[in-house]
Undergrad: 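Can you read through this structure? Questions will come right after.
So that the names make sense, note that chain A is the first sequence line, chain B the second, and so on, each numbered from 1. As a basis for the values below, the full set of heavy atoms in this structure was taken, side chains included, without hydrogen atoms, waters or symmetry mates.
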2 protein chains.
Amino acid sequence: MDKRKRLILHAIIQDYITSAEPVGSRSLVKRHQIDLSPATIRNEMADLEEMGYLKQPHTSAGRIPSPKGYRFYVNSILGDPSPAPEDLARVEELISAAGISLSNNPRQLARLMASVTNYLSLIAEPSDTIQEIRHINIIPLSAASAICLVVLSDGSVRHHSLSIPEGVTPREIKALSDFIDNRLQGVQLQHLDSRLLHSLKTEFAGNLRLIDDIFFLFQHALAAAGQELVMDGATNLLKEPEFKNVEKVRELFRTLEQDEQILKLLVSGSSHLEDLDIKIGPEMGLESFTDCSLVVATFTLRDRKITLGILGPARMHYAKTIGFIRWLREYFSSGGS
Amino acid sequence: MDKRKRLILHAIIQDYITSAEPVGSRSLVKRHQIDLSPATIRNEMADLEEMGYLKQPHTSAGRIPSPKGYRFYVNSILGDPSPAPEDLARVEELISAAGISLSNNPRQLARLMASVTNYLSLIAEPSDTIQEIRHINIIPLSAASAICLVVLSDGSVRHHSLSIPEGVTPREIKALSDFIDNRLQGVQLQHLDSRLLHSLKTEFAGNLRLIDDIFFLFQHALAAAGQELVMDGATNLLKEPEFKNVEKVRELFRTLEQDEQILKLLVSGSSHLEDLDIKIGPEMGLESFTDCSLVVATFTLRDRKITLGILGPARMHYAKTIGFIRWLREYFSSGGS
DNA sequence: TGTTAGCACTCTATTATGGCGAGTGCTAAT
DNA sequence: ATTAGCACTCGCCATAATAGAGTGCTAACA
């Protein structure tokens with residue numbers, strides 16, 4: 001991918017973000033004062049398509065970005081210093097209008113986020129009744145499968161099946177089970193994040209073959225438990241042309257009603273604590289979200305892990321959204337109420 | 001309205017409820033084995049239309065019920081003994097699957113209601129932090145207008161403007177203000193219902209000209225405060241043909257996101273405690289709900305006033321819905337967890 | 001060798017057109 | 001009072017025609 005291709009790809013994505021229409025070679029040249037003829041652009045576009053960054057809705061239409069294209073774009077702007085929200089004045093006005101206790105009132109914060117971004121906002125935070133892990137046990141069922149049992153402090157039991165990699169012995173499983181049980185007993189669910197699991201992993205002396213699967217399972221299966229979900233601005237998504245037909249809207253809302261699923265999506269990101277976690281369309285693994293993207297930030301406030309998310313169309317204005325959500329995190333981290 | 005007209009109206013409404021298509025004279029005769037010719041039915045239909053119970057989407061289409069038609073229908077079946085939910089077995093199974101603590105977990109109850117009715121379910125209950133009235137004051141601004149101030153126990157102040165009926169003197173206003181302030185101080189918002197207000201009204205000795213307005217204001221403006229709203233099953237509405245176009249869906253959801261407004265709608269019904277409160281389309285006073293109806297039941301459980309609502313299309317299956325919600329209330333009132 | 005102009009072609013979206021069918025209102029007969 | 005008959009209305013749907021945007025390819029150009 002040479003520099004010119006990158007430039008063109010960016011231009012196409014930016015155009016598509018604002019217009020939501022397939023971008024043609026001619027209009028691209030016009031809008032961006034590129035010193036090339038449409039024909040040249042067409043050649044480059046054909047290349048980019050072959051490389052998987054673009055696609056054509058049909059022959060003789062312009063190009064639209066593929067998920068891979070968005071991914072490339074996002075990765076390349078992620079390093080940029082992110083701007084404060086454009087309408088910072090408005091945001092601060094909203095914050096002060098909402099009172100000083102935004103962080104205590106997730107609904108209000110969610111409303112603020114939705115209204116600033118014009119997308120759907122999501123907030124996950126530990127529920128008031130703090131759940132901790134009582135007991136963990138991995139029980140081999142056969143040579144190739146096992147069940148992982150987790151007992152929580154409210155007495156509820158969760159169980160999930162596991163497949164065992166070849167060559168892992170029952171004795172090793174037992175060792176792992178004991179180790180994990182030993183270390184995670186008493187841990188609050190909200191503290192069960194990738195950092196903790198990572199440090200456990202480096203500490204564990206036994207067979208590592210199974211441990212990743214287990215941890216993956218923890219992150220996905222337990223992430224949601226003990227978390228409260230708040231969302232706002234669902235209607236914002238309905239403005240987007242990708243949701244012109246009601247069928248898609250229905251699927252979207254049907255998924256949004258599954259709190260558990262959404263929570264998993266929010267909390268299961270890996271790179272959380274460092275920076276943002278951005279999931280593009282298919283990366284979310286939810287049929288009805290294929291045309292959406294999710295930007296997630298996590299931070300800790302008064303020992304509570306708060307997760308903020310913005311769900312918009314895959315066509316979302318990434319720079320703005322990233323800037324805003326980084327700003328928000330900064331705001332709260334630096335003592336902003 | 002003679003008996004035959006009533007019969008025909010009922011038949012039309014029932015057909016329309018199931019088919020969602022304008023009902024023609026011929027198909028009506030067929031489906032209901034009526035001993036009249038289509039022509040006769042047509043005459044009756046024309047009458048019913050003239051009386052305002054039916055309307056025609058356009059010339060040469062069948063008839064559909066008007067809000068007035070629904071109202072008539074609902075009033076006439078409201079007296080009928082309401083059947084237990086058809087799929088009682090399924091309901092009880094769901095209840096037991098959800099555990100015994102339904103009334104502690106409004107989200108689960110909401111899910112149950114949505115899944116049984118296939119409409120949108122709403123639940124309002126007092127929020128954990130119980131708010132009470134600290135102070136009420138009516139301040140005349142001019143001869144024709146005043147402001148009513150209400151201070152709540154969390155320190156927040158609500159103010160609403162009022163217009164003063166002609167001939168009410170400032171002194172009378174003062175008397176009323178003092179009376180209300182005196183009687184409502186310390187009253188929890190959740191207890192501020194029509195029964196209480198009604199009894200206050202009979203007790204008040206002064207000029208009654210203003211009191212209705214004030215009480216109306218209380219019910220509408222304060223009803224929402226201190227109540228928590230839970231809803232589920234929004235997607236169910238999207239199945240209905242009235243929400244085929246996205247514009248309507250957007251308006252609908254936009255309104256649904258205004259918790260305060262919905263709470264008012266739920267809690268402001270007058271006949272609450274006796275039986276059900278049913279609002280049909282325009283009666284709700286919300287543009288985006290003109291094609292919907294709302295069935296509301298209220299009951300008290302462990303001294304907490306719980307309000308249950310089902311929001312469906314105006315075309316909703318009233319008998320079923322009424323039966324279900326009555327059954328639910330009965331279930332909880334008779335000690336069902 | 002990379003770039004560009006030109007051109008034929010493809011495909012969608014939009015508009016116009018012409019039945020089809022369900023349903024009505026009216027009139028005249030029962 | 002009821003009904004059969006009939007001309008008429010109107011939305012719905014499929015088909016056809018048109019316009020427009022954009023492409024890929026080829027040949028010429030710097």
Side-chain angles (χ1 to χ4, degrees), chain A residues 1-9 11-16 18-66 69 241-242 244-246, chain B residues 1-9 11-16 18-66 69 241-242 244-246:
Chain A
M1 163 94 66
D2 58 23
K3 191 167 175 179
R4 194 170 75 180
K5 279 198 174 51
R6 225 195 58 205
L7 217 74
I8 293 176
L9 181 56
I12 292 174
I13 292 181
Q14 275 158 13
D15 272 21
Y16 187 65
T18 62
S19 74
E21 309 252 299
V23 183
S25 52
R26 217 180 110 80
S27 52
L28 192 75
V29 173
K30 263 194 191 165
R31 220 193 304 206
H32 292 264
Q33 298 118 305
I34 296 178
D35 242 7
L36 292 168
S37 79
T40 312
I41 300 293
R42 280 203 288 280
N43 289 329
E44 295 286 32
M45 279 174 157
D47 289 354
L48 283 167
E49 181 169 3
E50 210 173 338
M51 295 161 74
Y53 294 102
L54 295 178
K55 59 187 176 190
Q56 251 178 323
H58 52 264
T59 358
S60 89
R63 302 303 207 292
I64 63 176
S66 69
E242 22 276 280
K244 248 188 204 138
N245 81 71
V246 190
Chain B
M1 163 93 67
D2 57 24
K3 189 166 178 182
R4 193 169 76 179
K5 280 199 174 48
R6 225 195 58 206
L7 218 73
I8 292 176
L9 180 57
I12 290 174
I13 291 182
Q14 273 157 13
D15 272 20
Y16 187 65
T18 63
S19 74
E21 311 253 298
V23 183
S25 54
R26 218 182 107 79
S27 52
L28 193 75
V29 172
K30 263 194 190 166
R31 217 191 309 205
H32 293 264
Q33 298 117 307
I34 297 176
D35 242 7
L36 293 167
S37 80
T40 313
I41 300 294
R42 280 204 288 281
N43 289 328
E44 295 286 33
M45 279 174 157
D47 289 354
L48 283 166
E49 183 170 0
E50 209 172 340
M51 295 160 76
Y53 295 102
L54 295 178
K55 59 187 175 190
Q56 251 177 324
H58 52 263
T59 359
S60 89
R63 302 304 207 292
I64 64 177
S66 70
E242 23 275 281
K244 248 190 204 137
N245 80 72
V246 189

Undergrad: Measuring from A:T40:OG1 to A:R4:CZ, what's the distance to the nearest 0.5 Å?
TA: 6.5 Å

Undergrad: Please step through side chain to side chain contact (heavy atoms under 4.5 Å, CB included) for the pair A:I8 and A:L28, ending with a clear verdict.
TA: CA-CA 9 Å; A:I8 293 176; A:L28 192 75; 4.0 Å; yes

Undergrad: Could you tell me whether the side chain of A:S66 and the main chain of A:G52 form a donor-acceptor pair under 3.5 Å?
TA: yes

Undergrad: Whether B:S25 contacts C:dT24 is assessed here as follows: a side-chain N or O lying under 4.0 Å from the phosphate OP1 or OP2. Is that the case?
TA: yes

Undergrad: Tell me, with the steps shown, if B:R63 and B:E49 meet salt bridge (charged side-chain N to carboxylate O under 4.0 Å, His left out).
TA: CA-CA 8 Å; B:R63 302 304 207 292; B:E49 183 170 0; 2.7 Å; yes

Undergrad: Between atom OH in A:Y16 and atom C1' in D:dA21, what is the gap in whole Å?
TA: 16 Å

Undergrad: Please report the distance, rounded to the nearest Å, between CZ in A:R42 and C1' in C:dG2.
TA: 16 Å

Undergrad: Looking at the side chain of B:S60, which of D:dG22, C:dA22, D:dT3 is the nearest nucleotide?
TA: C:dA22

Undergrad: Where along residues 45-56 of chain B does a heavy atom fall under 4.0 Å from DNA chain D?
TA: none

Undergrad: Taking atom C1' of D:dA1 as reference, at what distance in whole Å does atom CD1 of B:I34 sit?
TA: 17 Å

Undergrad: Could you say whether B:N43 or B:G62 is positioned toward the 5' end of DNA chain C, judged by the nucleotide with the nearest heavy atom to each?
TA: B:G62

Undergrad: Atom CD of B:E21 to atom P of C:dT24: distance rounded to whole Å?
TA: 14 Å

Undergrad: Nearest whole angstrom, please: distance from the P of C:dA22 to the CD1 of B:I41.
TA: 19 Å

Undergrad: Rounding to an integer number of Å, can you tell me how far A:H58 NE2 sits from D:dA21 P?
TA: 13 Å

Undergrad: Taking the side chain of A:L36 as its heavy atoms from C-beta onward, which of D:dA4, C:dT10, C:dT4 lies nearest to it?
TA: C:dT4

Undergrad: Can you tell me how far the CG atom of A:L7 sits from the NZ atom of A:K3, to the nearest 0.5 Å?
TA: 8.0 Å

Undergrad: Please report, rounded to the nearest Å, how far the C1' atom of C:dG23 is from the CG atom of B:D15.
TA: 15 Å

Undergrad: Please pick, from D:dT3, D:dT23, C:dA5, the nucleotide with the shortest atom-to-atom distance to any side-chain atom of B:S37.
TA: D:dT3

Undergrad: Establish, with yes or no, whether the OP1 or OP2 oxygen of C:dA5 is under 4.0 angstrom from a side-chain nitrogen or oxygen of A:R26.
TA: no

Undergrad: When we call it a touch if two heavy atoms are under 4.0 Å apart, what does A:T40 touch: a base, just sugar-phosphate, or nothing?
TA: base

Undergrad: OG of B:S25 to CD of B:E44: how many Å apart, nearest 0.5 Å?
TA: 12.0 Å

Undergrad: Rounding to a whole Å, what distance do you find between A:E44:CD and C:dT4:P?
TA: 11 Å

Undergrad: Ignoring hydrogens, what is the shortest heavy-atom contact between A:V246 and B:V246? Give both atom names and the distance.
TA: CG2-CG2, 4.0 Å

